[in-house]
Amino acid sequence: MKHALKPLVVTLLAFSALTACGGPLDRGGVSMNTIEEIPPVDAATQARMDAWVAGFKPRAMAAGISEATWNRAMRNVPYNPKVIERQQFQAEFVKPIWDYMDSAASDERIAKGRAALAQHAAILREIEARYGVEKEVVVAVWGMESRYGAKRGNTLIIPALATLAHDGRRAQFFESQLIGALKILQAGDIDPAHMTGSWAGAMGHTQFIPTSYLAFAVDFTGDGKRDIWSDNPADALASTAAYLARSGWSKGQPWAVEVSLPEGFDAGLAGKGTKRAPADWAALGVRGVNGGVVPNYGAASILLPAGPQGPALMIFGNFTAISRYNNADAYVMGVGHLSDRLKGQGPFVHPWPREGRALTDAEKVEVQRLLTAQGYDTKGTDGLIGAGTIGAVMDYQRDHGMTPNGWVTIKLLESLRKG
């Protein structure tokens, strides 16, 4: 017998009536995005959710969540099937790096970023002075994360995280984020009705996950709340600067400098695992795109995001600082390059190859497995393309009459599949 569908209920006590009507919520006169409705589920699914919540309660209490906070946020929390769908149907293929960078530093994003710098000039000057992070970098993170506040997310965080912790692929991670979200509610920075964000739990103008919020968010406005959700972005932007500062940001140091490589440059030297002083790279023929030696901004690595055919970057410590926010190289490059463009710098000098597509994680693992099976040691099959894999690729390429550039491409995978 089929279970009857339950009617739409968003029963996080404080906001059931508001969210049921789907209307905008108001926070002291500040308009908010329309809350995304939670679709109905069958009775058996909700019963399994209720049982999980009951089992989770002792763990939440052990983590310091009070009975009052629990009752306010977790009583009758609904299962949200949309977040599971989104987790399961994320795009399999990632964008090629050139398409990603085109979007990250598009004309529109640059123009809106410059407008945001002008509109919030006074508060951004204060944030830069306090935290030592350039205002263009903070605004670039803002632009990448929510298009300067336009796309903050309208999913209720507590039901989303509870659902993902109940039956998501990374249950332990999402349970820790749910406990973090409950601690935020308990501190009084926000209430359940207004704690909104992305389907995976990232919140506010600069998309903090709950544990990062607890570690880095600040009350810059002095109103007693670390409010990253408000239409006023001050707390969110200051929190981002605080995050970067505590991640090792060094003011005045570039995240990267585009360089020109000498003919015959050993691609095996590229990658974050090899660090040398700019003068040492210069001794190998690496120069800035203007022909000069790159100034000594500290130990640096050479990054070839599209292989030897595309732009080459000499990356410094601030690359790592941005990566603490999001560890994907493409994201770091997007923030870094957008911030450079907001400072008035131009696009990359060397063109992107603009051919082929990026490999999926599964295809990268397949490359490593096929190389290993054919006698080329990649030092692991984890899908991470490090020095071991690059060295194995170069050996394979030499043995098969290819240019030994170490670049993992779809053409390389096709060659490996042929045996």
Side-chain angles (χ1 to χ4, degrees), residues 83-104 144-145 164-165 167-174 176-177 198-202 207 209 212 267-268 270-274 301 303-311 313 315 319-320 322-336 352-374 376-397 405-419:
V83 301
I84 299 300
E85 292 171 8
R86 289 165 181 163
Q87 185 183 52
Q88 292 174 341
F89 294 104
Q90 295 178 76
E92 180 183 2
F93 298 110
V94 297
K95 288 182 178 180
I97 184 62
W98 44 88
D99 286 347
Y100 184 92
M101 296 303 293
D102 287 348
S103 175
M144 289 288 289
E145 293 290 351
L164 290 164
D167 65 2
R169 290 197 302 265
R170 301 168 63 200
Q172 186 174 359
F173 169 79
F174 286 115
S176 71
Q177 296 308 315
S198 77
W199 66 267
Q207 295 291 281
I209 61 173
S212 294
K272 289 178 280 187
T274 301
S301 300
L303 194 66
L304 304 177
Q309 297 79 22
L313 301 174
I315 62 173
F319 186 101
T320 303
I322 299 173
S323 75
R324 304 286 188 236
Y325 209 93
N326 183 320
N327 196 39
D329 285 353
Y331 175 86
V332 177
M333 291 172 54
V335 168
W352 298 103
R354 297 189 182 278
E355 61 182 23
R357 64 166 175 81
L359 270 65
T360 66
D361 288 343
E363 287 171 333
K364 292 174 185 176
V365 170
E366 185 181 359
V367 166
Q368 292 171 324
R369 287 176 175 166
L370 289 171
L371 282 167
T372 301
Q374 295 178 38
Y376 301 93
D377 185 8
T378 61
K379 311 298 182 185
T381 55
D382 54 7
L384 301 177
I385 307 303
T389 299
I390 291 172
V393 170
M394 293 177 69
D395 289 341
Y396 175 87
Q397 290 169 326
N405 55 32
W407 188 234
V408 178
T409 65
I410 192 68
K411 289 183 179 179
L412 174 72
L413 176 57
E414 290 169 352
S415 176
L416 286 165
R417 284 171 173 169
K418 294 175 183 177

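Along the sequence shown, residues are numbered consecutively beginning with 1.
- The shortest side-chain heavy-atom distance between Leu416 and Tyr376 does not fall under the 4.5 Å cut-off.
- By the side chain to side chain donor-acceptor pair (under 3.5 Å) test, Asp377 is found to be paired with Lys379, residues two or more places apart in sequence or in another chain being considered.
- Side-chain contact check for Tyr396 versus Ser415: some heavy-atom pair is nearer than 4.5 Å.
- With a 4.5 Å cut-off on side-chain heavy atoms, Phe319 and Leu313 do not count as touching.
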* Given the rule in the side chain to side chain contact (heavy atoms under 4.5 Å, CB included) test, do Ile410 and Glu363 qualify, once you have shown the distances and angles that lead to the verdict? -> CA-CA 9 Å; Ile410 192 68; Glu363 287 171 333; 4.2 Å; yes
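- Using modelled atom types, no side-chain atom of Thr381 and backbone atom of Val365 make a donor-acceptor pair closer than 3.5 Å.
- Closest heavy-atom contact between Ala306 and Pro353: CB-CD, 3.7 Å.
- When atom types are taken as modelled, the side chain of Ser103 and the backbone of Tyr100 share no donor-acceptor pair closer than 3.5 angstrom.
- Between Gln368 and Ile385 there is a side-chain heavy-atom pair separated by less than 4.5 Å.
- The line from CG of Leu371 to CG of Leu412 is 6.0 Å long, rounded to the nearest 0.5 Å.
- When side chains are defined from C-beta on, Ile97 counts as touching Met333, because their heavy atoms get closer than 4.5 Å.
- Between the side chain of Gln87 and the backbone N or O of Trp199 there is no donor-acceptor pair closer than 3.5 Å.
- Atom CE of residue Met394 and atom OG1 of residue Thr389 lie 13.0 Å apart, to the nearest 0.5 angstrom.
- Contact detail for Thr274 and Ser301: the closest heavy-atom pair is O-OG, 2.7 Å.
- For the atom pair Leu384 CG and Asp361 CG, the distance stands at 8.0 Å (nearest 0.5 Å).
- Side-chain contact check for Gln177 versus Leu164: every heavy-atom pair is 4.5 Å or farther apart.
- For the residue pair Pro305 and Pro311, the shortest heavy atom distance occurs at CD-O, 3.4 Å.
- Contact between Ala328 and Asn326 at its shortest, heavy atoms only, is N-OD1, 3.0 Å.
- Under the side chain to side chain donor-acceptor pair (under 3.5 Å) criterion, Lys411 pairs with no residue, sequence neighbours left out.
- A distance of 11.0 Å separates CG in Asp167 from CZ in Phe174, rounded to the nearest 0.5 Å.
- Annotation: side chain of Met144 is not in contact with side chain of Gln207 (no heavy-atom distance under 4.5 Å).
- Shortest non-hydrogen contact noted between Ala267 and Ile390 is O-CG2, 4.2 Å.
- Under the side chain to side chain donor-acceptor pair (under 3.5 Å) criterion, Asp102 pairs with Arg354, not counting sequence neighbours.
- With contacts defined as side-chain heavy-atom distances shorter than 4.5 Å, the pair Tyr325/Val335 does not qualify.
- When every heavy atom of Phe173 is checked against every heavy atom of Ile209, the shortest pair comes out as CZ-CD1, 4.2 Å.
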